[in-house]
Amino acid sequence: MAGQKHLAVVGAGIVGLGIAWEAARRGHRVTVIDPAPASGATFAAAGMLAPVSELYYQEEQLLALTLASARRYPDFLQGLGTTGHQAAGTLVAAFDAADRLALEDLRQAQLAQGLRVEQLTSREARRLEPALSPALSGAFLAPDDHQIDPRVLSAALLDALAEAGAGMVRRRAAALARSGSGEVTGVVLDDGTRVAADETVVANGLGAAALDGLPASLRLPLRPVYGDILRLRVPQALRPLVRLTVRGLVRGLPVYVVPREDGTVVIGATSREDGSDAPSAGGVYQLLRDAQALVPAVAELQLEETTCRARPGTPDNAPLLGRVAESGGEVPGLLVATGFFRHGVLLAPAAAKVCADLAEGLPVPRELLAFRPDRFSTSMEGSQR
């Protein structure tokens, strides 16, 4: 490392906090800028660290990044204390015959990628999780898929950053500060105050594209994908409702039930692009109906919270991560880490390593060029990267 640097991290969701944590523990000075830390998509997220069961068709390139990030989690959590991490695995269940066929097709795709997915009979599945419905048509086990509580993790990251002496500025970033030569030299806050920095990391999710001072050619095509998510308390007599994360297809619709250490479960999540950040009555009904089809005792739980947040999606559902090119060269002092869609919690360690490495002048693997934040910019279209 070529000496200590000062990093200004715009955004205190799980990705921004993770980048700040990685930089701080490498000995750099850090200032995090966010008016309401960990209150956006991080607050709603279920926190599944599930690169296997979240594999989607035609996203094989993203799979390599999610697997690498999942492997980094144990090191990433070192020194953070209580994080809500559970390594119990994920059980994937099919409601009817069509769901079973769809999950079997997915399992074949997972096996083709060398992933561990074990087929279970319904009896074996219910031996692992007695609360599962006896009417399920099939199940699979993804033993390497874990989960973490994003609210507990973000609180641990905030505490660790405070202990490390990191600054926390609870204001909105309005613009990037740039020198006459085009270098990014820090952040301009909404009250006009400037925060000088050697490297500025734009990690504020959907707000990234609205920052003034971004390179003129840079296009960050972020779209809000809203998701309803529920939190329910399990009565003492029913605990534990489930020990594993239970994911399933119910008449073609995905649903998951994630157990927490505090006696609650998280049920989610819908996916809609209707522009509404209010929980949808139809979405809440769908989640409860489908979760109950997998785990009938869900009907006996106490509904504590309904939440809706927007996840930052991109055209290819992959993150915008790395440096930005402008006028034939990379913009000094600028890093971008946004567009993580449904993988923000899972990819936090990978984003943290990439940004810290780039800030220190270290090279990143060639395969990460596929996630460059300027890949949708006019200056990059048709170019070889």
Side-chain angles (χ1 to χ4, degrees), residues 15 45-76 85-95 97-121 124-125 128 136-148 225 244-250 252-256 258 268-269 271 311 313-322 339-354 364-372 375 385:
V15 171
M48 290 175 291
L49 310 179
V52 177
S53 54
E54 289 199 338
L55 173 67
Y56 283 74
Y57 297 111
Q58 299 182 332
E59 292 186 10
E60 287 77 8
Q61 196 167 36
L62 182 59
L63 173 65
L65 186 62
T66 59
L67 287 170
S69 195
R71 287 192 296 268
R72 285 193 58 79
Y73 246 99
D75 176 71
F76 180 72
H85 179 249
Q86 297 184 54
T90 295
L91 190 148
V92 184
F95 178 70
D99 296 328
R100 185 181 69 249
L101 289 175
L103 287 178
E104 176 58 30
D105 287 345
L106 178 59
R107 188 175 78 95
Q108 292 304 319
Q110 292 163 331
L111 292 173
Q113 295 292 326
L115 304 175
R116 275 213 303 166
V117 187
E118 303 168 9
Q119 189 168 15
L120 303 174
T121 66
E124 288 170 334
L128 286 173
L136 297 179
S137 65
F140 308 95
L141 180 66
D144 299 323
D145 281 357
H146 302 164
Q147 62 119 324
I148 199 163
V225 183
L244 306 174
T245 294
V246 175
R247 300 174 66 103
L249 274 184
V250 179
L253 295 174
V255 67
Y256 54 74
V258 184
S271 184
R311 296 157 289 193
T314 64
D316 58 5
N317 294 334
L320 306 170
L321 180 62
F340 289 88
F341 192 23
R342 59 180 179 269
H343 296 306
V345 178
L346 172 57
L347 288 177
K353 183 179 188 306
V354 168
V364 298
R366 183 172 180 80
E367 55 267 25
L368 286 176
L369 297 179
F371 307 114
R372 283 189 65 116
R375 65 184 182 274
R385 300 188 295 281

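Computation of the quantities below employed the complete heavy-atom set of this structure, encompassing side-chain atoms and omitting hydrogens, waters and symmetry-equivalent molecules.
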Compare every heavy atom of [Y] with every heavy atom of [X], then report the nearest pair and how far apart it is.
X	Y	value
F140	V117	CB-CG1, 3.9 Å
A94	L103	CB-CD1, 3.7 Å
V15	G344	CG2-O, 3.7 Å
A88	H146	N-CD2, 4.5 Å
V225	S271	CG1-OG, 3.2 Å

Next on the checklist: Could you work out, with side-chain hydrogen bond (donor to acceptor under 3.5 Å, both in side chains) as the rule, every residue matching R100, not counting sequence neighbours?
Outcome noted: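 R100 satisfies side-chain hydrogen bond (donor to acceptor under 3.5 Å, both in side chains) with no residue once adjacent residues are dropped.
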Within this structure, what is the [atom1]-[atom2] distance for the pair [X] and [Y], rounded to the nearest 0.5 Å?
X	Y	atom1	atom2	answer
Q86	M48	CD	CE	13.0 Å
H343	Y56	NE2	OH	7.0 Å
F371	Q61	CZ	CD	5.0 Å
E118	L111	CD	CG	10.5 Å
Q113	Q108	CD	CD	12.5 Å
L106	L249	CG	CG	8.5 Å

Less than 4.5 Å apart, side chain to side chain, heavy atoms only: is that true for [X] and [Y]?
X	Y	result
Y73	I148	yes
L62	P319	yes
Y256	Q147	no
Q119	E124	no
L347	L321	no
L320	R375	yes
V345	F340	no
H85	L49	yes

Item to check | All pairs passing salt bridge (Lys or Arg N to Asp or Glu O under 4.0 Å) where residues 136-146 contributes a residue, at least two apart | outcome: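 Passing the test, one end in residues 136-146: R116-D144.
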Next on the checklist: With side-chain contact (heavy atoms from CB on, under 4.5 Å) as the test, pick out the partner of L244 among V92, L141, T90.
Outcome noted: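 In the set V92, L141, T90, the residue that makes a side-chain contact (heavy atoms from CB on, under 4.5 Å) with L244 is L141.
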Acceptor/donor pairs from residues 65-72 side chains to any protein atom, 3.5 angstrom cut, sequence neighbours excluded:
unit_1: T66; atom_1: OG1; unit_2: L63; atom_2: O; d: 2.8
unit_1: S69; atom_1: OG; unit_2: L346; atom_2: O; d: 2.7
unit_1: S69; atom_1: OG; unit_2: A350; atom_2: N; d: 3.1

